[in-house]
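Before any comments, here is the structure.
As the structure is a computational prediction, the values presented were derived from the model and not from experiment. Worth knowing before you read on, the calculation uses all heavy atoms, side chains too, and leaves out hydrogens, waters and symmetry mates.
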Amino acid sequence: MTIVKRQMELHHAVSVIGGFLGGYTIFNHLEIFANAQTGNLIKLVLSVCSLQLESVGFLISYFLLYILGNAFYAVAREKLKISMKIVSFIATSLGIVLVGLINFMGNSYLSVMPIFFIAPIQWNAFKTAGGNSCSTIFSSNNVRQAVVLLTKYFMDKDKKALKNARFYWATLLFFHIGVAASCLLSLAFGVHSIWFCLIAVMIAVIYYYRYQEAKIKAFT
């Protein structure tokens, strides 16, 4: 039971990172949501139709980076001997540093590029918790699951459905705590607020090691 609790705590801590990066890119960089591709692919088609060629070039680059992030995860999972959660933390930290450095160039299109690569790595590394498939980088499926499970509880009084619904609602809450933090810090520090996301990563790493300790205690 403690293992599941620690796993859920870790998932929520990582959701703060996802919310921060999502809010940061929308607030500071041309309303681009680098965590997911739906909106950006729509923008790509619209840019093609309106012949906005510079926008088309960057949006294709974003799509390719997102593909590379997923491919990197698949290869790293097979080839590396360390936890993919640790790989995600390292990739996220390096991505944040790159965003911070590129910001000094003053090009919003370039600044968000590292996030397109690291977001799918985080998504894959933290795709489940407590037996629930749950994203830490966007909310569409989480909203669906939260509402369906809560409705099931009201209809059938299924306590397991209520427990899982709470998990999804909590994930949504922590994700948007990250969004709020990015917004408030962006108001004060502008694009350089990205550096504060390293604090969220460090907190998540602490929760990761608490989760690992719980697993070691349980199996020894």
Side-chain angles (χ1 to χ4, degrees), residues 14-77 79-80 84-127 135-140 175 178-179 181-183 185-187 189-202 204:
V14 174
S15 295
V16 175
I17 300 171
F20 191 106
L21 293 175
Y24 171 82
T25 56
I26 290 174
F27 192 89
N28 293 286
H29 296 290
L30 307 172
E31 298 186 353
I32 293 170
F33 185 44
N35 289 9
Q37 283 298 289
T38 304
N40 297 311
L41 289 174
I42 291 173
K43 285 183 179 180
L44 173 59
V45 174
L46 294 176
S47 296
V48 170
C49 293
S50 57
L51 299 179
Q52 297 177 18
L53 299 183
E54 182 184 16
S55 178
V56 168
F58 278 110
L59 289 166
I60 290 175
S61 298
Y62 298 157
F63 182 56
L64 293 176
L65 282 167
Y66 206 85
I67 289 174
L68 285 173
N70 281 288
F72 171 83
Y73 175 87
V75 172
R77 183 178 57 183
K79 300 297 184 181
L80 299 181
M84 288 308 298
K85 290 178 171 57
I86 292 294
V87 173
S88 174
F89 287 137
I90 294 171
T92 300
S93 299
L94 292 174
I96 290 168
V97 171
L98 278 174
V99 172
L101 295 176
I102 296 171
N103 277 331
F104 289 107
M105 298 172 60
N107 188 311
S108 287
Y109 282 116
L110 290 175
S111 294
V112 295
M113 282 187 167
I115 298 176
F116 279 97
F117 181 79
I118 63 177
I121 298 173
Q122 179 180 312
W123 182 15
N124 283 292
F126 297 93
K127 57 180 175 290
S135 173
T136 62
I137 65 170
F138 53 81
S139 298
S140 297
F175 180 89
V179 175
S182 71
C183 177
L185 289 167
S186 293
L187 288 171
F189 300 98
V191 295
H192 303 297
S193 60
I194 188 64
W195 297 103
F196 288 95
C197 194
L198 289 173
I199 297 174
V201 175
M202 287 188 285

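Between the OH atom in Y62 and the CD atom in Q37 there is a gap of 10.5 Å [rounded to 0.5 Å]. Distance CZ/F116 to OG/S61: 10.0 Å, rounded to 0.5 Å. In this structure, the separation between OG on S55 and CG on L44 is 7.5 Å, given to the nearest 0.5 Å. Separation of atoms CG (L59) and CG (L64) is listed at 11.0 Å; rounding is to 0.5 Å.
In this structure, F33 has no ring-ring contact (aromatic ring centres under 6.0 Å, His included) partners at least two apart in sequence or on a different chain. Residues passing the ring-ring contact (aromatic ring centres under 6.0 Å, His included) test with F189, sequence neighbours excluded: F196. Qualifying side-chain hydrogen bond (donor to acceptor under 3.5 Å, both in side chains) partners for Q52, counting only residues two or more places apart in sequence or in other chains: S50. The side-chain hydrogen bond (donor to acceptor under 3.5 Å, both in side chains) test applied to S108 returns H29, not counting sequence neighbours. Contacts of F58 classified as ring-ring contact (aromatic ring centres under 6.0 Å, His included), with partners at least two apart in sequence or in another chain: Y109. With sequence neighbours excluded, no residue forms a side-chain hydrogen bond (donor to acceptor under 3.5 Å, both in side chains) with N40.
Contact between I17 and A204 at its shortest, heavy atoms only, is CD1-CB, 3.9 Å. Looking at every heavy atom in both residues, G19 comes nearest to S182 through O-OG, 4.4 Å. Shortest non-hydrogen contact noted between G69 and I121 is O-CG1, 3.5 Å. Contact between I194 and G100 at its shortest, heavy atoms only, is CG2-CA, 3.8 Å. When all heavy atoms are compared, the tightest approach of F63 to L41 is CD1-CD2, 3.7 Å. Nearest approach of F138 to A36, heavy atoms of both residues: CD2-CB, 4.0 Å.
A donor-acceptor pair under 3.5 Å is formed between the side chain of N35 and the backbone N or O of I137. With N103 contributing its side chain and V191 its backbone, the two residues share a donor-acceptor pair below 3.5 Å.
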* To do: Decide yes or no on side-chain contact (heavy atoms from CB on, under 4.5 Å) for F89 and M202, but give the supporting numbers first.
  => CA-CA 9 Å; F89 287 137; M202 287 188 285; over 6 Å; no
* Before giving the answer on side-chain contact (heavy atoms from CB on, under 4.5 Å), spell out for C197 and V99 the whole-Å C-alpha distance, their side-chain angles and the decisive distance to 0.1 Å. => CA-CA 11 Å; C197 194; V99 172; over 6 Å; no
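Inter-residue side-chain proximity for L21 and I118 is flagged as met; some heavy-atom pair is nearer than 4.5 Å. The shortest side-chain heavy-atom distance between F27 and L187 falls under the 4.5 Å cut-off. Considering only heavy atoms from C-beta on, L185 stays 4.5 Å or farther from Y24 through its side chain. Residues Y73 and N70 have side chains not in contact (no heavy-atom distance under 4.5 Å, counting atoms from C-beta outward). With a 4.5 Å cut-off on side-chain heavy atoms, I102 and M113 do not count as touching. By the 4.5 Å heavy-atom criterion applied to side chains, I32 and I26 are not counted as neighbours. The shortest side-chain heavy-atom distance between S88 and F126 falls under the 4.5 Å cut-off. Annotation: side chain of M84 is not in contact with side chain of N124 (no heavy-atom distance under 4.5 Å).
For the side chain to side chain contact (heavy atoms under 4.5 Å, CB included) with L94, the lone residue among T92, V97, I90, I96 that qualifies is I90.
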